[in-house]
Amino acid sequence: MSSLTFHWFLPTSGDSRDVVGGGHGAPDTGAGRRRPPTVAYLGQIARAAESLGFVGALTPTGAWCEDAWLTTAMVSQATERLKFLVAFRPGFVSPTLAAQMASTYQRQTGGRLLLNVVTGGESREQRAYGDFLDKDARYRRTGEFLHVVRELWQGCTVDLDGEHLRVEQARLTRVPDPVPEVYFGGSSPAAVEVAARHADVYLTWGEPPAQVAGKIARLREAAARQGRTLRFGIRLHVITRDTAADAWAEAHRLLDGFDPDTVREAQANLARSESEGQRRMLALHGGSRDALEIHPNLWAGIGLVRGGAGTALVGGHDEVAERIAEYHALGIDEFVLSGYPHLEEAYWFGEGVLPRLAARGLWRHPEHAGAGAGAGAEEAVLPVAV
């Protein structure tokens, strides 16, 4: 049995002992006790994640956070093994330049780049960056973009006169080694089509297992029509403690810190989102503080004030490990996790849950995963590709 892969999160909009909101139109929250996203602090989180056995760290993209490329390039110098799952939006730079940037990143970090392709679900934010395409057109452009980038990474010379992108005699003088794997999320039909054609790992937000199973089935079928297979990952927050009572007490403390006006504003803004995934997140709680445990140990409270990933695994270490095993049984092999504050929560999970998963034969520390040949040695044991 292959080992599960765990990634952590770099809070490039700032960290706090309270929930930091933002994204998809949600207002920024948590500013009262904010830890600024300095390279020094993010480096602390990255080093902790690396030592605990996380394979990579996701960084978000958008106007509400620091630039992911620049920040992770700097933080990479504070770590040795940790990979960086860099979120970026196709269309803001040319595909040739993006392919070149990725190639440079691989050489300068020893092959530690993973790419989380974010098409962009909010037209208002896209327009602020000079992008005036509608949502479906953005996905078609993403498909063209990934076609060019992947061809360039293989050493091909690319000519494309597409609907949205045009390149002539595009070629890289140095291809990346290893080629970065592509993570991709999205719940709309247009997103599924792009994922089926171009993604290595399909990422879903933390919906209940039955809904996740439906997504996996849909993506597997779409990928099979393209003659491809996908790996699957899930994006979740986590609150894990020595006892379930302590974990739920922390969840309730976070909930008590949500100002009612902030919740109303966040829900009103998120309701205007064009993202199908965001719509599915909102449907899990309906803006209400009641009945937030939507599946055993799956809590939707984060989504009251935060856009994007809005659910958390909450419980004792054994319970959280059991929920992870439940998702794994559906086909989820990669977990992208976070918690407030990210430094401390990395230790709670890494010291509490990972040893229990190791005892069940579901996980091994990457440093002890065994050696292999070439750039894919780590991936041979830990499937590594937002």
Side-chain angles (χ1 to χ4, degrees), residues 7-16 19-31 34-39 42 45 56-75 84-93 98 101 113-135 138-139 141-142 145 182-188 191 194 203-206 235-237 262 265-282 302-310 336 338 340 342 386:
H7 307 282
W8 198 239
F9 185 84
L10 292 181
T12 54
S13 64
D15 203 3
S16 175
V19 174
V20 178
H24 290 273
D28 189 14
T29 61
R34 178 68 60 87
R35 300 177 188 177
T38 62
V39 171
L42 296 175
I45 298 172
L58 172 67
T59 50
T61 183
W64 52 284
C65 57
E66 299 287 358
D67 178 76
W69 287 97
L70 293 173
T71 300
T72 59
M74 289 184 278
V75 174
F84 294 92
L85 183 48
V86 175
F88 82 107
R89 298 186 185 185
F92 289 179
V93 298
M101 291 166 62
L113 175 66
L114 312 170
L115 287 179
N116 181 30
V117 177
V118 180
T119 296
E122 312 307 328
S123 291
R124 180 173 60 180
E125 185 178 17
Q126 296 291 124
R127 289 193 294 269
Y129 283 94
D131 178 16
F132 289 85
L133 295 181
D134 62 29
K135 181 181 173 181
R138 289 197 296 269
Y139 276 110
R141 180 181 60 193
T142 295
F145 185 99
V182 173
Y183 288 66
F184 191 88
S187 299
S188 68
V194 173
L203 281 178
T204 178
W205 286 330
R235 173 78 179 93
L236 288 156
H237 305 279
T262 300
E265 180 185 359
Q267 293 303 296
N269 288 344
L270 292 172
R272 292 192 288 269
S273 172
E274 300 170 20
S275 166
E276 175 65 14
Q278 185 61 67
R279 184 195 65 77
R280 292 167 69 106
M281 281 283 102
L282 293 181
I302 302 289
L304 291 174
V305 295
R306 185 191 191 277
V336 184
S338 57
Y340 300 100
H342 290 74
V386 293

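Side chains of Met281 and Arg306 form no contact here, defined as non-hydrogen atoms less than 4.5 Å apart. Under the 4.5 Å side-chain criterion, counting only non-hydrogen atoms from C-beta, Phe184 is in contact with Thr119. For the pair Asp134 and Ser123, the minimum side-chain heavy-atom distance is 4.5 Å or more. His237 places a side-chain heavy atom less than 4.5 Å from the side chain of Tyr340. In this structure the side chain of Pro11 reaches within 4.5 angstrom of the side chain of Ile45, judged on heavy atoms. At a threshold of 4.5 Å between non-hydrogen side-chain atoms, the residues Thr71 and Phe84 do not count as touching. Between Leu58 and His7, every side-chain heavy-atom pair lies at or beyond the 4.5 Å cut-off. Under the 4.5 Å side-chain criterion, counting only non-hydrogen atoms from C-beta, Gln267 is in contact with Leu282.
In terms of heavy-atom proximity, Gly185 sits nearest to Ala191 at O-CB, 4.5 Å. Shown here for Ala63 and Glu125, the closest heavy-atom pair between the two residues is N-OE2, 2.8 Å. Closest approach of Thr59 and Val86 over heavy atoms only: OG1-CA, 3.7 Å. Of all heavy-atom pairs between Leu236 and Gly206, the closest is CD2-CA, 3.4 Å. Counting all heavy atoms, side chain and backbone alike, Pro37 lies closest to Glu66 at CG-CG, 4.1 Å. Taking both residues in full, the closest heavy atoms of Thr142 and Pro90 are given as OG1-CG, 3.9 Å, listed atom of the first, atom of the second, then distance.
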**OP:** For side chain to side chain contact (heavy atoms under 4.5 Å, CB included), just list the numbers for Thr61 and Phe88, CA-CA rounded to whole Å, side-chain angles, deciding distance to a tenth of an Å, and then say yes or no.
**Re:** CA-CA 6 Å; Thr61 183; Phe88 82 107; 5.6 Å; no
**OP:** Evaluate the side chain to side chain contact (heavy atoms under 4.5 Å, CB included) criterion for residues Trp69 and Leu113: first the C-alpha distance (whole Å), next the side-chain angles of each, then the deciding distance (0.1 Å), finally the verdict.
**Re:** CA-CA 10 Å; Trp69 287 97; Leu113 175 66; 4.1 Å; yes
Subject >> Residues Glu122, Ser273; criterion side chain to side chain donor-acceptor pair (under 3.5 Å); working and verdict >> reply: CA-CA 6 Å; Glu122 312 307 328; Ser273 172; 2.5 Å; yes
Subject >> Steps toward side chain to side chain contact (heavy atoms under 4.5 Å, CB included) verdict (Trp205, Arg280) >> reply: CA-CA 9 Å; Trp205 286 330; Arg280 292 167 69 106; over 6 Å; no
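Arg124 CZ to Glu274 CD: the interatomic distance, rounded to the nearest 0.5 Å, is 10.0 Å. Distance check: Thr262 OG1 to Leu304 CG gives 11.5 Å after rounding to the nearest 0.5 Å. Here Ser338 contributes atom OG and Asp15 contributes atom CG; the two are 9.5 Å apart, rounded to the nearest 0.5 Å.
When only modelled atom types and interatomic distance are considered, Tyr183 and Arg235 share no side-chain donor-acceptor pair under 3.5 Å. With no hydrogens or angles considered, no side-chain donor-acceptor pair links Ser187 and Arg279 at under 3.5 Å.
Comment: Asp131 does not engage Arg89 in a salt bridge, judged by the lack of any side-chain N to carboxylate O separation of less than 4.0 angstrom.
Partner of Leu133 under the side chain to side chain contact (heavy atoms under 4.5 Å, CB included) criterion, chosen from Arg141, Gln126, Arg127: Arg141.
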